[in-house]
Participant: 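Provided herewith is a single structure, encoded as structure tokens, for subsequent inquiry.
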Amino acid sequence: MRELATYYPIWVSDIGNLVQALDMIDLAGTLTRRAAQAQTQVEEIKTGFKQLPVRQNILRTAYLVWQKPYITVGSDTFIHDMLDGAGFNNIFKDRQRYPIVIPEEIGEHNCRLLLLSSEPFPFKQTHVKEWQARLPSTNILLADGEMFSWYGSGYYRPRPILSH
């Protein structure tokens, strides 16, 4: 990156939550002389999040991003912030970054909802069935990984984020 910086302007972001993502969109708009368009996108995103239903019963939730080994999300990730903002209670919020977990831990934490992400590992319906056999009283859903983890202006388009 240092070599690139000698020839080109470099900007690096490290986004851990929605507030930082909105700030990044705003800054990118300023840097590209598109501040008005960036502000419009920021407002659209804020409006979208305000329209999320308020959950009365926060579900004890785990979100898997990988298998072999199984990897989940800790409290210092953008995905955790999205889960929290949508009213889900991340059962691994006491951990950092992307910790490895074993299937028994998910059951031991009384997980009520297990979300299997479409990326970076592409969980499929066959994985839902495998997990359902392990955790029969847990609701298992496929999650759109882009909607939970891709921050930025191009990724906030209306579409279902969870599927059976």
Participant: Roughly how far, to the nearest 0.5 Å, is the CD1 atom of Ile100 from the CH2 atom of Trp66?
Facilitator: 12.0 Å

Participant: Rounded to the nearest 0.5 Å, what separates atom OG1 in Thr72 from atom OH in Tyr63?
Facilitator: 9.5 Å

Participant: Applying salt bridge (charged side-chain N to carboxylate O under 4.0 Å, His left out), can you list everything that pairs with Glu105, at least two apart in sequence or on another chain?
Facilitator: Arg95

Participant: Which residues pass the ring pair (Phe, Tyr, Trp, His ring centres under 6.0 Å) test with Phe123, sequence neighbours left out?
Facilitator: Phe121, His127

Participant: Is it true that a side-chain atom of Arg134 and a backbone atom of Glu104 form a donor plus acceptor pair closer than 3.5 Å?
Facilitator: no

Participant: I'd like to know if Leu4 and Tyr7 are part of one continuous hydrophobic network [Ile/Leu/Val/Met/Phe/Trp/Tyr, side-chain heavy atoms within less than 4.5 Å].
Facilitator: yes

Participant: Spell out, as yes or no, whether a donor-acceptor pair under 3.5 Å connects the side chain of Glu146 to the backbone of Ser149.
Facilitator: no

Participant: Taking Asp76 for the side chain and Arg97 for the main chain, is one N or O donor matched with an acceptor at less than 3.5 Å?
Facilitator: yes

Participant: Let me confirm one number: the OG1-CG distance from Thr30 to Asp26, rounded to the nearest 0.5 Å.
Facilitator: 5.0 Å

Participant: Minimum heavy-atom separation for Leu18 to Asp81, with atom names?
Facilitator: N-OD2, 2.7 Å

Participant: Using atom types as modelled and distance alone, determine if a side-chain donor or acceptor of Asn89 lies under 3.5 Å from a backbone N or O of Ile58.
Facilitator: no

Participant: For a side-chain contact (heavy atoms from CB on, under 4.5 Å) check, start with the C-alpha distance between Ile106 and Leu64, then their side-chain angles and the critical distance, and finish with the verdict.
Facilitator: CA-CA 10 Å; Ile106 294 171; Leu64 294 181; 4.2 Å; yes

Participant: Check whether any side-chain heavy atom of His109 sits under 4.5 Å from a side-chain heavy atom of Phe92, and report yes or no.
Facilitator: yes

Participant: Okay, side chain of Thr61, backbone of Asn90: is any donor-acceptor separation there less than 3.5 Å?
Facilitator: no

Participant: Rounded to the nearest 0.5 Å, what separation is found between the CG atom of Leu22 and the CG atom of Asn17?
Facilitator: 9.0 Å

Participant: Please check if the side chain of Ser75 supplies one atom and the backbone of Lys93 the other of a donor-acceptor pair under 3.5 Å.
Facilitator: yes

Participant: I need the Leu116 CG to Thr126 OG1 distance, nearest 0.5 Å.
Facilitator: 10.0 Å

Participant: Is there a chain of hydrophobic side chains (I, L, V, M, F, W, Y, each step under 4.5 Å between heavy atoms) that links Ile15 to Trp11?
Facilitator: yes

Participant: Minimum heavy-atom separation for Gly29 to Ala38, with atom names?
Facilitator: CA-CB, 3.6 Å

Participant: Indicate the atoms forming the closest heavy-atom contact of Ser117 with Gly145, along with that distance.
Facilitator: OG-CA, 3.3 Å

Participant: Search all heavy atoms of Ala62 against all heavy atoms of Cys111 and return the closest pair with its distance.
Facilitator: N-SG, 3.7 Å

Participant: Quick one: pull up CZ in Phe148 and CG in Leu115 and give me the separation to the nearest 0.5 Å.
Facilitator: 5.5 Å

Participant: Between Gln132 (side chain only) and Thr138 (backbone N and O only), is there a donor and an acceptor less than 3.5 Å apart?
Facilitator: yes

Participant: Which pairs would a plain distance check flag for residues 43-54, meaning a side-chain donor or acceptor within less than 3.5 Å of a matching protein atom at least two apart in sequence or in another chain?
Facilitator:
{"residue": "Glu43", "atom": "OE2", "partner": "Gln39", "partner atom": "NE2", "Å": "2.8"}
{"residue": "Thr47", "atom": "OG1", "partner": "Glu43", "partner atom": "O", "Å": "2.9"}

Participant: Would you say Val65 and Pro120 make side-chain contact, with heavy atoms under 4.5 Å?
Facilitator: yes

